[in-house]
Every structure is written in structure tokens, then in C-alpha cells.
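Numbering of ligands and ligand atoms starts at 1, following listing order. Since this is a predicted model, take the numbers as computed values, not measurements.
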Amino acid sequence: MDKPRIAFIGLGTMGSGMARRLLAAGFPLNIYNRRAAKAEPFKADGATISDSPRAAAADASFIVSMVADDNASREVWLGENGALNGVRRGAILIESSTLSVEWVRLLAAAAASRGCELLDAPVTGSKPQAASGELSFIVGGNPAALEKARPALEAMGRAITHLGPTGSGSLLKLINNFVCGVQIASLAEAVAMIEHAGLDRASALGVLTNGAPGSPLVKAISGRMTVKEYTPPNFLLRLMAKDLTYAAAESKRLNLDSITAPAALKLFEQAIAHGDGESDLSAIVEQFR
Ligand code: NAP
């Protein structure tokens, strides 16, 4: 049976790998990126380049968005040339960007008013997992819509967890990244203490990474902090600041008022002020050097 046509919006670090996986799996693909140059290389792989999200969505059964933040998502879905202005009734929207729960719920309502369903389907994993089709999707929304979308998600990921109603995927993604952000902020302070004290850095980090604090994240990020490998970024530092901002707001909404998310955010904001916002998030340590 012919595979359904998919529109893919946002060909950044993550989206470019994901779109290539869909092409490799044989899905006909319309692609759109705000800066058109990023879309050009996909032509050779058989993608149809669209000049707006609206045009990309016009003949698609599924529309995937993988853009920076709430503002970008609002623009590509609801802007003048947004995908929801061109979408067919019955199409399924797959929003994989890391966004606020509030915005995702508004977007789901806008989709419903046009006869479409929205799955919030953010991902864990980074650039390498996007390129190899090994992302993990955390999904909120109607289970029947998820079943229809499953073949497309399976082309991009190795795990799909359905959490519950609209917004639950986004909420867990924010919780996931909040835990990651706090770990990275603590690690940056730990590396600074090691370096300022003049301890042997390789030995000290060996103890930390092989001991109880040595999560896969701490292992990977401490390596990049050591060799100062910040470009090309796996995950832009400013995007983690965005995730911590959204996570802290969610915590407030739940009357929990997180202490550690704002504390970690402060370090990421200082890193942005230091000029490291466009680097990999491991550059958070540079403010202490
Ligand atoms: P990225 O490389 O910065 O790409 C961002 C994408 O959003 C680009 O296609 C960009 O278009 C587009 N964009 C930004 N503002 C826009 C606007 N106002 N209108 C239209 N398009 C806009 O980011 P990424 O690393 O791929 O991340 C994408 C999403 O996935 C983010 O929500 C991020 O938090 C999340 N995420 C990232 C990772 C990771 O490890 N990188 C992992 C999991 C989840 P241009 O090319 O024109 O700028």
C-alpha cells in the first residue's frame, strides 16, 4: 500500500535527521524550513520543497513540526502562512518540539476547530539519535490518532510511550529536561570547583563519572566540557534555558514552585550573557573559566 504523504516543518539539528529517516522509510515528504537553504539538500533525496508551512500541509495526511519554541510553533501552525491554514480535515498534527503545556493545549483546540487531531510527541535523544532513528517519543493525545501515526513515528524512533491526554507528553518532556538541566548545571559547578582547586581533572572526573553521579548525561557532557567541543551543537544552550523556563512555569501551575529548576536556569542565563547561547549546552562551564 502507498505510504501517506507527510509534511515536515523545521529542519534544524533534530528535524533534519528525523526528516531523512522518513524519506529513507519511503514516506513521500513535503518539507519546509524558515531559512530555505537548509531544505535544499533534501531535494536530491526526493523531498518536495514547500515555500510555506501552509503549502507543505496542503496535501499531507500527517504534519510533523520540530521547531525551537512556543513562538516558532505558533508561527508555523497559526501564522498567516501557517500549516493550519492549509490543512485537510482529518489530517493528524504531530508536534515534536519541546513546548509549554499551555501552548500545546491551545494548539490542540485550534486543530480540532479545523477537523484535525493533534498529538504532542516530543522526543528524548539528541542529534545522533535523530539521525539514526533511535529517538524516544513521549506522546499525549488520542490513542486512535497515535495508532494512525505510529508507522511514521516508528521510522524516527525506537520507543513510543503514550502518556495520556493532550499535553501529557509535553509535560513529561519538560520534567525530563528539567532533571537534565539541573544535572548539567551541577556538573558545571563541580568542574569549576575541580579546576579552580587545581585537582587532577581527568582523575577527578573519572571518580564522578564512574561513581553514583555518573548518569549517561553526566558522562557525555563532562567529556564535551573537557575537550571544549561546543560546535556543531548537539543541543543549543539557549534551548535548555527555554525548557527550564517552561518547566519552572509548569511547576508553579501545579503549586509546587520548583527551587532547582530556577537555580539551574540562572546558570544557563548567565552562560547566555557570557555569549554561549548558540553553543552546545556543555559550554555552560565556560562562565567559570
Ligand atoms: P535548532 O537546530 O535550533 O532548529 C530549530 C528549528 O526551528 C529550525 O528549523 C528553525 O528554522 C526553526 N525556527 C526557529 N524559530 C522559528 C520561527 N519563528 N518560525 C519558523 N521556524 C522557526 O533546534 P533543534 O535542536 O533541532 O531543536 C528543535 C526542538 O526539539 C526544540 O524544541 C528543542 O528543544 C527540541 N529538542 C532538541 C534536542 C536536541 O538534542 N537538539 C533534543 C530533544 C528535543 P531556521 O533554520 O530558519 O532557524
> Among all protein heavy atoms, pick the one closest to atom 4 (O) of ligand 1 and tell me residue, atom and distance.
Gly12 CA, 3.4 Å
> Within this structure, what is the CE-CZ distance for the pair Met18 and Phe137, rounded to the nearest 0.5 Å?
4.5 Å
> Starting from atom 5 (C) of ligand 1, which protein heavy atom do you reach first, and at what distance in Å?
Ala68 N, 4.0 Å
> Which atoms from ligand 1 have a heavy atom of Gly10 less than 4.0 Å away?
9 (O)
> Using a strict 4.0 Å cut-off to heavy atoms of Leu239, name the atoms of ligand 1 that fall inside it.
23 (O), 25 (O), 27 (O), 33 (C)
> Distance to 0.1 Å, residue and atom name: give those for the protein heavy atom nearest to atom 37 (C) of ligand 1.
Met14 CG, 3.6 Å
> Nearest non-hydrogen atom to atom 47 (O) of ligand 1 belongs to which of Gln129, Met18, Arg35?
Arg35
> Tell me whether Asn71 has any N or O atom under 3.5 angstrom from an N or O of ligand 1.
no
> Return yes or no for this condition: an N or O of Phe235 is under 3.5 Å from an N or O of ligand 1.
no
> Suppose I only count heavy atoms of Leu11 and a 4.0 Å limit; which atoms of ligand 1 are within that range?
9 (O)
> Quick one: which of Arg238, Lys173, Arg34 has a heavy atom closest to atom 18 (N) of ligand 1?
Arg34
> Hey, is Val76 touching ligand 1 through its side chain, its backbone, both or neither, going by heavy atoms under 4.0 Å?
side chain
> Return the closest protein heavy atom for atom 44 (C) of ligand 1 as residue, atom name and distance.
Thr98 OG1, 3.7 Å
> Any nitrogen or oxygen of Ser97, main chain or side chain, under 3.5 Å from a nitrogen or oxygen of ligand 1?
no
> List the closest protein heavy-atom neighbour of atom 1 (P) of ligand 1: residue, atom name, distance to the nearest 0.1 Å.
Thr13 N, 4.0 Å
> Can you list the ligand 1 atoms lying under 4.0 Å from a non-hydrogen atom of Leu236?
3 (O)
> Report the part of Asn33 in contact with ligand 1, treating N, CA, C, O as backbone and CB onward as side chain, heavy atoms under 4.0 Å; options are side chain, backbone, both, neither.
side chain
> Does ligand 1 have any atom sitting under 4.0 Å from a heavy atom of Gly125?
yes
> Using the side-chain contact (heavy atoms from CB on, under 4.5 Å) rule, pick out the option among Leu23, Asn33, Thr48, Leu29 that qualifies with Phe42.
Leu23
> Which of the atoms in ligand 1, numbered in the order shown and given with their element, are less than 4.0 Å from a heavy-atom of Lys38?
45 (P), 46 (O)
> Which of the atoms of ligand 1 are close to Ser126, meaning less than 4.0 Å from one of its heavy atoms?
39 (C), 40 (O)
> Report yes or no: is the cationic atom of Arg5 (NZ for Lys, CZ for Arg) under 6.0 Å from the centre of the six-membered ring of Phe62, at an angle within 45° of the ring normal?
no
> For Lys242, state whether at least one heavy atom is located under 4.0 Å from any atom of ligand 1.
yes
